[in-house]
Amino acid sequence: MRDIPLSGMGADAGAVLEYYGALLKRYGPQGWWPILDLHHARKGVNPTKSGSINGYHPGDFSYPRSEAQRFEICIGAILTQNTAWPNVEKALLNLKQLDCLDSGRLLALSEEILKGAIRPAGYFNQKARKLKVFAEFYASLKGRAPSRGELLGLWGVGPETADSILLYAFRVPVFVVDAYTRRIFSGMGWFEKDAEYESIRSFFESSLDGDYKLFQEYHALIVEKGKRMRAEVVKK
DNA sequence: TTCCAGGCAATAC
DNA sequence: GTATTGCATGGA
C-alpha cells in the first residue's frame, strides 16, 4: 500500500494553501467546533451551511471558553464517530439536560441512563463505554492538556478523534484527516484513497505554516465541501 | 425500502 | 501488516 503522498501527483505546499483559500472564498468561515450554548448573538452564521446550523461561530476562534465547553467538544468528538452531527446534537442535549456535560457527573451516571441519553448518536453500547473511559482520563488531567499519545492510548479514541480533540478542545495546530479529506484529495490526485492516516496528516502539517485557527478552519471547510459533494450526488 | 454519516476495535489471515 | 466485520440511530 502506498503511504507517501507524492508531490509528483500535483500536491505541493503552495497548492495546499491555495486550495484552502479557494474553499474559504467559496464557502466562507465555518466557525467550528459547534457549541450547544453560545451566550452571544450568532452573528454571521452562514445560512447556507449544510446540515445543522446550530452552535457554529464563524470567525470567532475563542472557543472553548470554559472547561465545560472543552469537555463538551471532546464528548462530541467521540459521539460523532461515523455518525451524522444532528444525531450527536440530540445526544449532547440529553446529556446537558442531565447536567452531565462534566467529567465527574458523567462518571457518576449509571450505564443505563447514559446509554439512554446518547442513544440517538448510535452505537450507544460502545460509545457509553468510550465516554466513561474518556471522562475518567479527562478528570485525571486536572486542567493540563493531554498529549496525542495519551489520547491514542485510550480505548475508543483513534487518530481522527484524538486530533479533533487536540485541535478544537485544546487549540493544538494539528491537521485532522477524515473520510472527506481522503475522498476530496484522492479525487484530486494528491494521494491514494488508502494512504496512511499519518502520511496524509504529516503532508498537510508540513505544508501549512499557520496557527490552530488555520487548521480548524481548513478541516471545517473540507467537511463542508464533502457534505455538499454528497448532496450533489444524491440529488442526481 | 435502502443507503450511509465528521471511526474504531476485534478478529482473521 | 492488510482485509473484513460489528457496532446503531435517524434522515434522505
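Chain identifiers are assigned alphabetically (A, B, ...) following the order of the sequence lines, protein sequences preceding nucleic acid strands; residue numbering begins at 1 within each chain.
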Task: Interatomic distance, A:Leu152 CG vs B:dC8 C1' [rounded to whole Å] - done: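 The distance from CG of A:Leu152 to C1' of B:dC8 comes to 12 Å, rounded to the nearest Å.
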
- [ ] Can you tell me the distance, in whole Å, between the NZ atom of A:Lys127 and the P atom of C:dC7?
- [x]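 One finds 14 Å between P of C:dC7 and NZ of A:Lys127, rounded.
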
TODO: Please figure out whether A:Arg129 or A:Glu160 has its closest DNA chain B nucleotide nearer the 5' end.
DONE: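 On the 5' side of the pair lies A:Glu160.
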
Open item on the list: Taking 4.0 Å as the cut-off, does a side-chain nitrogen or oxygen of A:Trp155 come that near to OP1 or OP2 on B:dA10?
Closed with: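 So the side chain of A:Trp155 is within the cut-off, an N or O lying under 4.0 Å from OP1 or OP2 of B:dA10.
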
- [ ] Ignoring backbone atoms, establish whether A:Thr80 has a side-chain N or O less than 4.0 Å from OP1 or OP2 of B:dA5.
- [x]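 It does not, given that no N or O in the side chain of A:Thr80 lies less than 4.0 Å from OP1 or OP2 of B:dA5.
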
Task: Ion pair check, A:Arg70 and A:Glu67, cut-off under 4.0 Å - done: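 Result for this pair is yes, salt bridge flagged.
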
- [ ] Decide, yes or no, whether a salt bridge links A:Glu217 with A:Lys213 under the criterion of side-chain N to carboxylate O below 4.0 Å.
- [x]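 Salt bridge: no.
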
TODO: Identify, between A:Lys90 and A:Asn125, the residue whose nearest nucleotide on DNA chain C lies closer to the 5' end.
DONE: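 Between the two, 5'-proximity favours A:Asn125.
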
Task: A:Asn87 side-chain proximity, nearest of B:dA5, B:dG7, C:dG10 - done: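 Among B:dA5, B:dG7, C:dG10, the one nearest the side chain of A:Asn87 is C:dG10.
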
Open item on the list: Taking the minimum atom-to-atom distance to the side chain of A:Asp178, which one of B:dG7, C:dG10, B:dC8 wins?
Closed with: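 So the nucleotide nearest the side chain must be B:dG7.
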
TODO: Can you establish whether the number of heavy atoms outside A:Lys96 located under 6.0 Å from its atom NZ is more than 12?
DONE: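 Atom NZ in A:Lys96 is not packed in, count stays at 12 or less.
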
- [ ] Check for a donor-acceptor pair, side chain of A:Gln30 on one end and backbone N or O of A:Gly28 on the other, with a separation under 3.5 Å.
- [x]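 Yes, because the side chain of A:Gln30 sits within donor-acceptor range (under 3.5 Å) of the backbone of A:Gly28.
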
